[in-house]
Amino acid sequence: VLRCLGIPTRVITNFNSAHDKNLNLSIDKYIDMSGNTLNLSEDSVWNFHVWNESWFVRRDLGSFYDGWQVLDATPQEKSKSIYQCGPASTRAIKEGDVNLDYDSPFVFAAVNADCVTWIRYSKKRKERIYSSNTRKIGKFISTKAVGTNSRVDVTDNYKYPEVKEISFKIPYSQYKNSLMDDRKILVTAV
């Protein structure tokens, strides 16, 4: 419909799409002391989810948020008592501006949620035992190329590149010396 009105619109597919039911920006899994999964969270990770993007000027949010806006025609949650989602600015999602209207926290979580595992000792006591970074969520966010059947990766419109962890080994003496160097720099700076 938006294309018929002359508004640029495209379909977006998000692989490993988080469904953050309670809007805490994480996908929570609870286990008991034996490692058995407890059904205490309605959060989930879907193989993929599809929504639309349309190009809008955002007078309500300011020109910083102009551009592609997420519109989900199949919302799974109510927003302001209505099943709706968007228009959420992709710029807001990328910048982590989750306090804006139009379901920004929900879309942010779909592409950036942390996956957290909690061990539940009792109804009053739980402990966070594992938290992955956001690398698991929001993979290969894609649209179809204009004029071909090729995939265009638009992940960079939604999130900054993930930082790769690099592990390396150094001798303890070298590590100890580097700490001494850091102290010298701190003393010099004071």
Side-chain angles (χ1 to χ4, degrees), residues 1-3 5 7-30 37-118 126 128 130-144 151-163:
V1 172
L2 291 168
R3 283 184 179 172
L5 297 172
I7 298 172
T9 302
R10 61 188 184 182
V11 176
I12 299 293
T13 303
N14 178 36
F15 294 93
N16 286 356
S17 189
H19 185 86
D20 181 21
K21 182 89 172 171
N22 61 1
L23 297 178
N24 67 350
L25 307 181
S26 67
I27 302 303
D28 299 305
K29 176 182 175 184
Y30 293 88
T37 300
L38 302 172
N39 294 320
L40 299 176
S41 175
E42 295 180 338
D43 294 343
S44 59
V45 177
W46 299 358
N47 291 336
F48 68 93
H49 186 61
V50 177
W51 56 74
N52 296 311
E53 281 183 353
S54 294
W55 189 271
F56 296 157
V57 172
R58 296 304 300 266
R59 290 187 189 104
D60 59 330
L61 301 178
S63 62
F64 182 75
Y65 299 106
D66 289 354
W68 291 112
Q69 311 293 317
V70 172
L71 300 162
D72 192 343
T74 59
Q76 304 300 307
E77 303 300 327
K78 286 186 176 180
S79 172
K80 298 185 179 181
S81 303
I82 301 171
Y83 281 102
Q84 62 184 4
C85 183
S89 166
T90 59
R91 185 82 182 263
I93 305 310
K94 183 173 185 172
E95 298 300 328
D97 295 337
V98 296
N99 295 322
L100 298 176
D101 281 339
Y102 309 110
D103 310 298
S104 291
F106 188 80
V107 179
F108 178 86
V111 300
N112 275 311
D114 286 329
C115 295
V116 180
T117 302
W118 300 86
K126 66 181 180 181
R128 183 182 198 147
Y130 178 75
S131 177
S132 73
N133 56 27
T134 59
R135 286 188 202 152
K136 178 180 177 182
I137 303 299
K139 295 296 215 175
F140 307 113
I141 304 171
S142 308
T143 192
K144 181 186 166 297
R151 178 184 80 87
V152 176
D153 192 316
V154 295
T155 304
D156 288 346
N157 292 356
Y158 284 86
K159 56 201 287 185
Y160 287 100
E162 303 288 354
V163 177

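Everything numeric here is computed off the predicted structure, so don't read it as measured data. All values below come from the heavy atoms of this structure, side chains included, with hydrogens, waters and symmetry mates left out.
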Problem set entry | Stepwise side chain to side chain contact (heavy atoms under 4.5 Å, CB included) check, V11 with V50 | CA-CA 7 Å; V11 176; V50 177; 3.3 Å; yes
Exercise. Is there a side chain to side chain contact (heavy atoms under 4.5 Å, CB included) between W51 and L71 once you walk through the steps?
Worked result: CA-CA 6 Å; W51 56 74; L71 300 162; over 6 Å; no
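Checking each of L38, T117, N39 against Y30 for a side-chain contact (heavy atoms from CB on, under 4.5 Å) leaves exactly one that passes, namely L38.
For K94 (side chain) and D156 (main-chain N/O), a donor-acceptor pair under 3.5 Å exists by modelled atom type. Of the possible donor and acceptor atoms, none in the side chain of R10 sits under 3.5 Å from a partner among the backbone N and O of W68. Proximity of a side-chain donor or acceptor of N14 to a complementary backbone N or O of F48 within less than 3.5 Å is not detected. Between the side chain of K159 and the main chain of V111, a donor-acceptor pair closer than 3.5 Å is present. Between the side chain of Q69 and the backbone N or O of S89, at least one donor-acceptor pair lies under 3.5 Å. Between the side chain of T155 and the main chain of I141, a donor-acceptor pair closer than 3.5 Å is present. Of the possible polar contacts, one joining the R3 side chain to the T9 backbone as a donor-acceptor pair under 3.5 Å is found.
Residue-environment remark: CZ (F64) exceeds the threshold of 12 foreign heavy atoms within 6.0 Å.
The CG atom of L40 sits 12.5 Å away from atom NZ of K29, with the distance rounded to the nearest 0.5 Å. With rounding to the nearest 0.5 Å, the separation of CG in N157 from CD1 in I93 is 11.5 Å. From D72, atom CG reaches atom CD of E53 across 12.0 Å, with rounding to the nearest 0.5 Å. For the atom pair OH of Y65 and OG1 of T90, the computed distance is 11.5 Å after rounding to the nearest 0.5 Å. In this structure, CG on L61 lies 9.5 Å from CG on D97, to the nearest 0.5 angstrom. The distance from atom CD of E95 to atom CZ of F108, rounded to the nearest 0.5 Å, is 10.5 Å.
Shown here for L25 and P105, the closest heavy-atom pair between the two residues is CD2-O, 3.6 Å. Summarising the geometry of V154 relative to S142, their closest heavy-atom pair is CG2-N, 4.1 Å, with the distance given to 0.1 Å. Considering all non-hydrogen atoms of both residues, I137 and A113 come closest at CG1-O, 3.3 Å. Looking at every heavy atom in both residues, I7 comes nearest to W55 through CG2-O, 3.7 Å. In this structure, K139 and K136 approach most closely via the heavy-atom pair CG-O, 3.8 Å. Taking every heavy atom of both residues into account, W46 and S44 meet most closely at NE1-OG, 3.0 Å.
For S26, the side chain to side chain donor-acceptor pair (under 3.5 Å) partners two or more places apart in sequence, or in a different chain, are N24, D28. In this structure S104 satisfies the side chain to side chain donor-acceptor pair (under 3.5 Å) test with no other residue, sequence neighbours excluded.
Checked against the 6.0 Å centroid threshold, F15 and H49 do not count as a close aromatic pair.
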